[in-house]
Protein chains: 2
Amino acid sequence: MKQTRSNTDMASVAEKAEAKGPAGSQTLMRGLDIIDAVMDGPITLADLAAKLGLNRSTTHRLANALIERRYVTFMPRIGYQFGPKLLALGFLAQQRTDVVQVARPHLEALAAQTEDTVHLGVIEGDLALYLDKIPGRRRVEISSRVGERQPLTSTGLGKALLLDEAEARWRQLFERDQASGSPKADYAAWLERMKGYVEAERSFDLEENEDLIRCVAAPVRDASGRIVAAISVSSAAQYMADDRMQALTGDVRETAEAIGRDLGWSETAPTPRARTRRS
Amino acid sequence: MKQTRSNTDMASVAEKAEAKGPAGSQTLMRGLDIIDAVMDGPITLADLAAKLGLNRSTTHRLANALIERRYVTFMPRIGYQFGPKLLALGFLAQQRTDVVQVARPHLEALAAQTEDTVHLGVIEGDLALYLDKIPGRRRVEISSRVGERQPLTSTGLGKALLLDEAEARWRQLFERDQASGSPKADYAAWLERMKGYVEAERSFDLEENEDLIRCVAAPVRDASGRIVAAISVSSAAQYMADDRMQALTGDVRETAEAIGRDLGWSETAPTPRARTRRS
DNA sequence: CGCTGAATTCCATATTATGGACATGAGTAT
DNA sequence: ATACTCATGTCCATAATATGGAATTCAGCG
C-alpha cells in the first residue's frame with residue numbers, strides 16, 4: 001500500500017463511515033458498510049467507493065463477494081442494489097422474534113430504575129392484553145396479571161397502543177368501553193388528551209381504570225414503524241405526582257424505543273410517523 | 001500463523017463452508033458464514049467456531065464485529081443469535097421489492113428459450129391479474145393484455161395461483177366462474193386435475209379458457225413460502241402437444257423457482273410445502 | 001472456595017487485503 | 001464506421017491486516 005490510508009483520514013469523506021469496530025475485522029465492517037450504502041437505492045461502483053471512502057478496486061472486490069452471497073445484486077446500467085438474501089434473512093428473523101423475550105431485559109432495567117411496576121402489552125381484538133409484568137419495589141401492589149385483558153381507552157397501556165389509530169376507531173372504542181360500567185367520562189375531554197398523547201408519543205393513565213393508580217405508557221414500533229406493543233410504568237398515585245409523570249416520560253419512551261430497535265425499528269424507518277388514519 | 005490453515009483443508013469440517021468467493025475477502029465471507037450459522041438458532045462461541053472450521057479467537061472477533069453492527073446478538077447463558085439489523089434490512093428490502101421488476105429477466109429468458117408467450121400474474125380478489133407479458137416468436141398471437149383480469153379456475157396461471165388454497169375456496173371459485181357463461185365443465189373432473197397439479201407444483205390449461213390455446217404454469221413463492229404470483233408459457237395447441245407440456249414443466253418450474261429465490265424464497269424456507277388449507 | 005466451561009484479551013507472525021495501473025466493454029456522439 | 005466516455009472488471013507487488021495459540025478473566029456450580 002503506497003498510500004497510508006487511515007480510517008480517520010477519510011472519515012470526513014465517508015458518510016456512514018466505519019465505527020472502526022473491534023479492530024481486526026476491517027474487511028467485514030467495510031462489507032457491512034456496503035450493505036448499508038446499497039440500501040439507499042441503486043448506486044454505481046464509483047459512487048459506492050466514494051461514499052465509503054475507499055478505492056474502487058477494493059469496493060469492487062467486496063461488492064462482488066456480497067453479490068455471490070446474494071446480499072447484493074448488480075444490474076448493468078442500473079447499479080448495485082440490495083439482494084434477495086436480505087429478504088430471506090429478514091423473514092427468518094421475523095419468524096423467530098418474540099416481543100416478550102426481546103422486551104424482557106429492557107423492562108427489567110426500567111423497573112429497576114423507576115422502582116415501579118412495568119407492563120408489556122399488545123392489542124387483542126378490542127382490548128389490551130398484558131403479556132408481561134415486572135413488579136415494582138414499592139409496598140403498593142398493582143392488581144394486574146399477565147394474560148389479563150383491560151379496556152384500551154381507559155388504561156395508559158391501551159391508549160399508547162391506540163396512538164396511531166383513526167379518530168373513528170377511538171370514538172367507537174371509547175363508547176364501547178364506557179358502556180361497560182365504569183364511571184362516566186366526557187369524550188371531548190378524552191379526545192383532547194389523546195391528541196396530546198399522540199404529539200408526545202406517550203400516554204398517561206390518571207386513575208381512570210383503577211382508583212389511586214396512575215401510569216405513564218409509550219408505544220413500541222417494529223421495523224415497519226407500526227405499533228406492535230406498548231409498555232407502561234404504574235404506581236400508586238402518591239408516588240406519581242404530575243411532575244414525576246413528566247419526568248418519567250423520557251425514560252419510558254427511551255425504553256420503548258430501545259425495544260423497538262431490537263425489533264428492527266429505526267428512526268429513519270419506513271412510516272416513521274405517518275399516522276395510518278383509516279376508517 | 002504457526003499452522004498453515006488453508007480453506008480447502010478444513011472444508012471437510014466446516015458445514016456450510018465458504019465457497020471461497022472472489023478471493024480477497026476471506027474476512028467478509030467468514031462474517032457472512034457466521035450470520036448463516038447464527039440463523040439456525042442460538043449457538044455458543046465454541047460450537048460456532050467448530051461449525052465454521054475456524055479458531056475461537058477469530059470467530060470471537062468476527063462475531064463481535066457483527067454484534068456491534070446489530071447483525072448478531074449475544075445473550076450470556078444462551079449464545080449468539082440473529083440481531084435486529086436483519087429485521088430492519090429485511091423490511092426495507094421487502095418494501096422496495098417489486099415482483100414485476102424482479103421477474104422480468106427470468107421471463108425474458110424463458111420466452112427466448114421456449115419461443116412461446118410468457119405471462120406473469122397475481123391474484124386480485126377472485127380473479128387473476130396479468131402483470132407482465134413477453135410475446136413469443138410464433139405466428140400465433142395470444143390475446144391477453146397486461147392489466148387484464150381472467151378467471152382463476154379456467155386459466156393455467158389462475159390455477160397455479162390457487163395451488164395452496166383450501167378445497168372449499170376452489171369449489172366456491174369454480175362455481176362462480178362456471179356461472180358466468182363459459183362451456184359447462186364437471187367439478188369432480190376439475191378437482192382431480194387440480195390435485196394432480198398440486199402434486200406437481202405446476203398447472204395446465206387445456207383449451208379451457210380460450211379455444212386452441214394451451215399453457216403450462218407454475219406458482220412463485222416469496223420468502224414466507226406463500227404463493228405471491230405465477231408464471232405461464234402459452235401457445236397454440238398445435239405447438240403444445242401433451243408431451244411438450246410435460247417437457248416444459250421442468251423449465252417453467254425452474255423459472256418460477258428462480259424468481260422465488262430472487263424474492264427471498266429458499267427450499268429450506270419456512271412453510272416450504274405446508275399447504276395452508278383454511279376455510 | 002477451588003472447579004469447570006465459558007467468553008475475552010494479547011501479540012508476534014505471515015497470510016490476506018489493498019489499491020494503483022491497466023484492460024475491457026457498452027453506449028453515444030462525431 | 002470510428003473515436004470518445006463512462007462504466008465495470010482484472011492483475012499483482014506490497015504492507016497492512018487478520019490470524020490463532022496461549023494466557024486471562026468471569027460466572028455459575030459442586
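Order of the sequence lines sets the chain letters (A, B, ...), proteins ahead of strands, with each chain counted from 1.
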Counting just side-chain N and O atoms, does Thr27(B) come under 4.0 Å of either OP1 or OP2 of dA17(C)?
yes

Gln26(B) side-chain N/O to dT19(D) phosphate OP1/OP2 under 4.0 Å
yes

Whole angstrom value for the distance that separates [atom2] of [N] from [atom1] of [X]:
X        : N       : atom1 : atom2 : result
Leu28(B) : dA17(C) : CG    : P     : 9 Å
Asp33(B) : dT19(D) : CG    : P     : 12 Å
Arg30(A) : dT17(D) : CZ    : P     : 8 Å
Ile78(B) : dA6(C)  : CD1   : P     : 15 Å
Met75(B) : dA6(C)  : CE    : C1'   : 16 Å
Leu62(B) : dT17(D) : CG    : C1'   : 12 Å
Leu48(B) : dA6(C)  : CG    : P     : 13 Å

Residue pairs passing the ring pair (Phe, Tyr, Trp, His ring centres under 6.0 Å) test with at least one member in residues 101-120 of chain B, sequence neighbours excluded, are His119(B)-Tyr130(B)

Sorted by chain and number, sequence neighbours left out, ring pair (Phe, Tyr, Trp, His ring centres under 6.0 Å) with Tyr80(A) holds for Phe74(A)

Partners of [X] by salt bridge (charged side-chain N to carboxylate O under 4.0 Å, His left out), sequence neighbours excluded?
X         : answer
Arg56(A)  : none
Arg77(A)  : none
Glu108(B) : Arg104(B)

Expected string for nucleotides 6-13 of chain D under the B/S/- scheme (protein heavy atoms, under 4.0 Å, primed atoms plus P, OP1, OP2 as sugar-phosphate) is --BSBB--

* Asked: Does any non-hydrogen side-chain atom of Glu257(A) lie less than 4.5 Å from one of Trp265(A)?
  ->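 Yes. Closest side-chain heavy atoms under 4.5 Å.
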
